[in-house]
Number of protein chains: 2
Amino acid sequence: MPIVPPSPLLALLETMQPLSAELRAELERLMRREQLPRGTHLLEPGHVAHRLYFVERGVVRGFYLKDGREVSSWFMKENDFIISIVSFFTQTPSLEYVELLEDATLWSLSYGQLQHLYQQFPEFNSIGRRLTENYYVLSERRTLNLRLQSAPARYDQLLTDFPAIFQRVPLKHIASHLGLTPETLSRLRGRR
Amino acid sequence: MPIVPPSPLLALLETMQPLSAELRAELERLMRREQLPRGTHLLEPGHVAHRLYFVERGVVRGFYLKDGREVSSWFMKENDFIISIVSFFTQTPSLEYVELLEDATLWSLSYGQLQHLYQQFPEFNSIGRRLTENYYVLSERRTLNLRLQSAPARYDQLLTDFPAIFQRVPLKHIASHLGLTPETLSRLRGRR
DNA sequence: CACCGAACTTGATCTGCGTCAATTTCGCCT
DNA sequence: AGGCGAAATTGACGCAGATCAAGTTCGGTG
């Protein structure tokens, strides 16, 4: 039994759908609290993503290597769920890194435990389905941006959509997320 | 009661999870068969995606306009489900077109009916969740390809992953899907 | 089967962004 | 506070792919 219950997580789930006492208790029993320092890799290529994470505090990024260079595909923060989509859902080895950009407090659950929850509490499938839909929508919007906008427009968009990111993530990571080199991003920022 | 039951759809769902007789009957009652000619737009920008489609026969594409030019984001075919992710899940106006590239036979269901099924048959949430996960994985793989591969590598990848697409989709649409102009794709194909 | 418009190819030129290299600035640790 | 390595900026140059333009081939229709 955890000393601290995963309250931010439970609070979030509760806003989506009332949780039965049993489901609540089972979540509290299974969720594991992890305090980890900046720089920790939650996942590396070749490994299967065994756990789902919920971020109580911190910023996390997913990235890939494209011939030796890091390409950041996403950033997540407080109150976000984190999984490496392909590896976790297919339970096959990842191509992706998942890295903490700040000291973080996370809650985690194994793949097997999650499947068990889905079986044991059918109503939990509805929550899982809607969370998956929400993140899928987020991912589609990100991809759309990459496809449809010019480099300056992608930068401006990020600046208006997620201004806070610039306070917490180094520009070189933002650059690769926008599909640019740090040099090009720097020049974009300098334009007037 | 439809003259023809949506058997390919039910067969597919049945492989994922046994369907109760009631759920089966409700699906048969609600699913609407549509035979539509090539060129039909299932969705246009500004409209909310009200229906989910299942493809019994035909090829369908999703595309956007990027300053006057079409950018194809996906292609789907027999036994695929089709929705415009952002618009359908958020029930907000679409930016996307959805167009039939061949004469097609589709089965469809409205957003409201789907929500009703989720409520009425809790076990249906599990099917919905897993289908959403599968398509999310597909979408992530597509995006990854765009991000990490060079233009020639993206072409080669598509050629090995979905060779059949080249028989059924005009090259100009494949070009924009790969993030290229038709001219550049043509030159890529001519290289030796 | 011939026609017409769309799809595809081929060529010439242009350009946005990448690459490589050299500073400058920042942020963290002692 | 000072110093060191990483991050960001700035400059010069090159190239992959876009653009514009002119054929050529393909496919559907009368």
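Note: hydrogens, waters and symmetry copies are ignored here, and every other heavy atom, side chains too, is used.
Look at CZ on F166(B): it is 17 Å from P on dA7(C), rounded to the nearest Å. For Y155(A) and dC17(C), the OH to P distance is 15 Å, given to the nearest whole Å. When rounded to the nearest whole Å, the span between CZ of R154(A) and P of dG16(C) equals 14 Å.
The 5' end of DNA chain D is approached more closely, in terms of each residue's nearest nucleotide, by L185(B) than by the other of L185(B) and R38(B).
Summary for the helix from dC1(C)-dG30(D) to dT30(C)-dA1(D): the axes at its two ends, each from 5 pairs, differ by 50° when rounded to the nearest 10 degrees.
No donor-acceptor contact under 3.5 Å links the side chain of E183(B) to the base of dC8(C). Put simply, the side chain of R187(B) and the base of dG11(C) share a donor and an acceptor less than 3.5 Å apart.
In this structure, K172(B) does not pair ionically with E70(B), as no charged nitrogen and carboxylate oxygen lie closer than 4.0 Å. Ion pair R130(B)/E133(B) not flagged as a salt bridge, since none of the NZ, NE, NH1 or NH2 atoms sits closer than 4.0 Å to an Asp/Glu carboxylate oxygen. For the pair E102(B) and K77(B), the salt-bridge criterion is not met [side-chain N within less than 4.0 Å of a carboxylate O].
Close to dC17(C), at under 4.0 Å from its OP1 or OP2, lies no side-chain N or O of T184(A).
Of the options F75(B), W74(B), F162(B), a ring pair (Phe, Tyr, Trp, His ring centres under 6.0 Å) to H177(B) is made by F75(B) and by none of the others. Residue F88(A) is tested with Y53(A), Y111(A), Y135(A) for a ring pair (Phe, Tyr, Trp, His ring centres under 6.0 Å); the sole match is Y111(A).
If you check every strand for non-hydrogen atoms under 4.0 Å, L180(A) touches sugar and phosphate atoms only.
Neither side chain, T132(A) nor T132(B), offers a donor N or O lying under 3.5 Å from an acceptor on the other. Donor-acceptor pairing under 3.5 Å is recorded for the side chains of E140(A) and S139(B).
For DNA chain D, the span of nucleotides reached by chain A at under 4.0 Å from its heavy atoms goes, 5' to 3', from dA7(D) to dA12(D).
Nearest nucleotide to the K172(B) side chain, out of dC8(C), dG18(C), dG11(C): dC8(C).
Taking the six-membered ring where the residue is Trp, H41(A) and Y97(A) present perpendicular rings, their angle passing 60° and hence far from 30°. Ring geometry for F124(A) against Y118(A) counts as tilted: the plane angle lies between 30° and 60°, on a 0 to 90° scale.
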